Protein chains: 2
Amino acid sequence: MQNLQADYTIERFIETCHEHRLKITPQRVAVYKALVRSDRHPSADMIFQTVKKDFPNISYDTVNRTLLTLAGIGMIDIVEVFGGPKRFDANRKDHHHLHCTKCGEIIDFEYREYANLSVPKEIAEKFQVTGKRVVLKGRCNMCQPKH
Amino acid sequence: MQNLQADYTIERFIETCHEHRLKITPQRVAVYKALVRSDRHPSADMIFQTVKKDFPNISYDTVNRTLLTLAGIGMIDIVEVFGGPKRFDANRKDHHHLHCTKCGEIIDFEYREYANLSVPKEIAEKFQVTGKRVVLKGRCNMCQPKH
DNA sequence: GTGATTGCAAACCTTTTGCACGCCA
DNA sequence: TGGCGTGCAAAAGGTTTGCAATCAC
């Protein structure tokens with residue numbers, strides 16, 4: 001997973017914020033860093049718990065609003081879930097998801113063959129597609145029924 | 001959308017309930033029917049509003065619990081969302097989703113070419129895949145930026 | 001009859017909102 | 001300085017839980 005994060009730099013973060021007229025605050029930087037460092041699609045609360053260690057005074061609200069703001073400008077993603085709190089992702093690489101229907105975990109994977117997924121013509125005409133993802137559902141390693 | 005629903009019969013519903021030792025109650029039948037008739041991935045509350053017309057005494061709880069129970073035995077699906085309440089789907093056909101990042105709508109589509117999506121070998125070894133879905137993100141017809 | 005299911009109410013968790021203060025540009 | 005962003009507190013929305021009464025089998 002480590003290499004997935006190579007593309008992120010704080011400089012880039014600052015640049016993108018400027019483009020969108022967003023102020024650079026220590027809180028925003030901290031939230032973004034925490035998200036980039038995680039590979040577990042954390043919820044706002046998980047990020048909050050992490051950031052609080054360095055920023056004891058930060059509020060949950062700020063974390064949540066920052067995540068929504070960053071998602072709004074496309075700097076991070078909101079990940080599809082099957083219930084429960086929103087989960088976020090700073091992984092900008094083309095990747096796909098395994099979803100365990102038992103424990104709810106969402107696991108990233110990359111797969112070249114999915115890169116060229118075509119979009120049906122009728123859809124491309126009406127719908128401006130900005131992202132494609134394959135979601136595989138099933139039971140993860142830990143949740144397989146034992147015999 | 002009409003044809004998507006052809007496969008559903010109450011007989012089948014009853015049969016599956018029996019297999020799983022679930023009792024057939026009027027509430028369960030009503031909830032299931034309401035879901036089958038909808039093509040909009042309704043939330044528990046949307047189903048509740050519908051069923052209430054015929055069943056003024058049904059409680060939101062019963063609706064919600066019924067949906068979770070049916071999802072638990074695989075008779076219906078919980079649909080991936082990007083925040084907000086759980087959404088359900090009784091469409092058992094192989095289909096895929098358009099997700100509008102603006103209004104949040106999730107739209108079904110079918111596409112033959114996605115039927116044969118391969119699963120990476122490393123994943124097939126560890127992960128018991130029970131479903132595959134392509135999720136396209138973007139702006140729907142209504143939400144396209146106007147010029 | 002008996003155990004599963006329902007309806008109700010309270011509790012819980014996440015997200016949203018309004019506002020005054022403080023900080024970044 | 002001006003306005004955006006933060007922290008706080010309250011409200012709103014969705015989901016879960018416990019329990020007594022009821023219903024399907």
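Protein chains get the first letters and strands the later ones, always in sequence-line order, with residue 1 at the start of each. Since this is a predicted model, take the numbers as computed values, not measurements.
- If you take CZ of B:R87 and C1' of D:dG14, they are 13 Å apart, rounded to a whole angstrom.
- Across all strands, B:R65 comes closer than 4.0 Å to base atoms (heavy-atom distances).
- Minimum heavy-atom separation, A:A44 to A:N64: CB-OD1, 3.5 Å.
- B:L67 places its CG atom 11 Å from the P atom of D:dT16, with the value rounded to the nearest Å.
- Counted by atom type alone, A:Y114 and B:S118 present zero donor-acceptor pairs between their side chains at under 3.5 Å.
- Nucleotides of DNA chain D nearest to B:P85 and B:H18 differ in position, and the one nearer the 5' end is that of B:P85.
- Put simply, CD1 on A:I58 is 11 Å from P on D:dC8, counting in whole angstrom units.
- Here the CG-CZ distance, from A:L70 to A:F88, works out to 9.5 Å after rounding to the nearest 0.5 Å.
- Atom CE of A:M75 sits about 10.0 Å away from atom OG1 of A:T66, to the nearest 0.5 Å.
- The CG atom of A:L68 sits 12 Å away from the P atom of D:dT6 (whole-angstrom rounding).
- Atom NE2 of A:H20 and atom C1' of C:dC24 are 19 Å apart (whole Å).
- The shortest distance between the side-chain N/O atoms of A:T25 and the OP1/OP2 oxygens of D:dT6 is below 4.0 Å.
- A straight line from CD1 of B:I47 to C1' of D:dG14 spans 16 Å, rounded to a whole angstrom.
- Side-chain to base pairing of A:D45 with C:dC13: no donor and acceptor N or O lie closer than 3.5 Å to each other.
- Regarding A:I24, its CD1 atom lies at a distance of 15 Å from the C1' atom of D:dT6, rounded to whole Å.
- Looking at B:E80 and B:R87, no side-chain N of the basic residue comes within less than 4.0 Å of a carboxylate O on the acidic one, giving no salt bridge.
- Look at A:T62 and you won't find any side-chain N or O under 4.0 angstrom from OP1 or OP2 of D:dG5.
- Among the nucleotides D:dT16, D:dG7, C:dT5, the one closest to any side-chain atom of B:R28 is C:dT5.
- Residue contacts shown for A:N57 are limited to sugar-phosphate atoms, with no base heavy atom under 4.0 Å away.
- Of the candidate nucleotides D:dG7, C:dT15, C:dA9, C:dA9 has the atom lying nearest to any side-chain atom of B:D61.
- When rounded to the nearest whole Å, the span between CZ of A:F48 and P of C:dT15 equals 13 Å.
- Proximity note for B:S59 (side chain, C-beta onward) versus C:dA25, C:dG7, C:dT16: the nearest is C:dG7.
- For B:Q27, whose side chain is taken as the heavy atoms from C-beta onward, the closest listed nucleotide among D:dG5, C:dG7, C:dG3 is C:dG7.
- Using a 4.5 Å cut-off on side-chain heavy atoms (C-beta onward), B:H97 and B:H95 make contact.
- Positionally, the nearest nucleotide of DNA chain D for A:L22 lies more toward the 5' end than for the other of A:L22 and B:A44.
- B:Y60 has no side-chain polar atom (N or O) that falls below the 4.0 Å cut-off from OP1 or OP2 of C:dC8.
- Comparing C:dT15, C:dT6, C:dT5 by their closest approach to the side chain of B:T66 singles out C:dT6.
- In terms of polar N and O atoms assigned as donor or acceptor, the side chain of A:R21 never comes within less than 3.5 Å of the base of D:dG3 in a complementary pairing.
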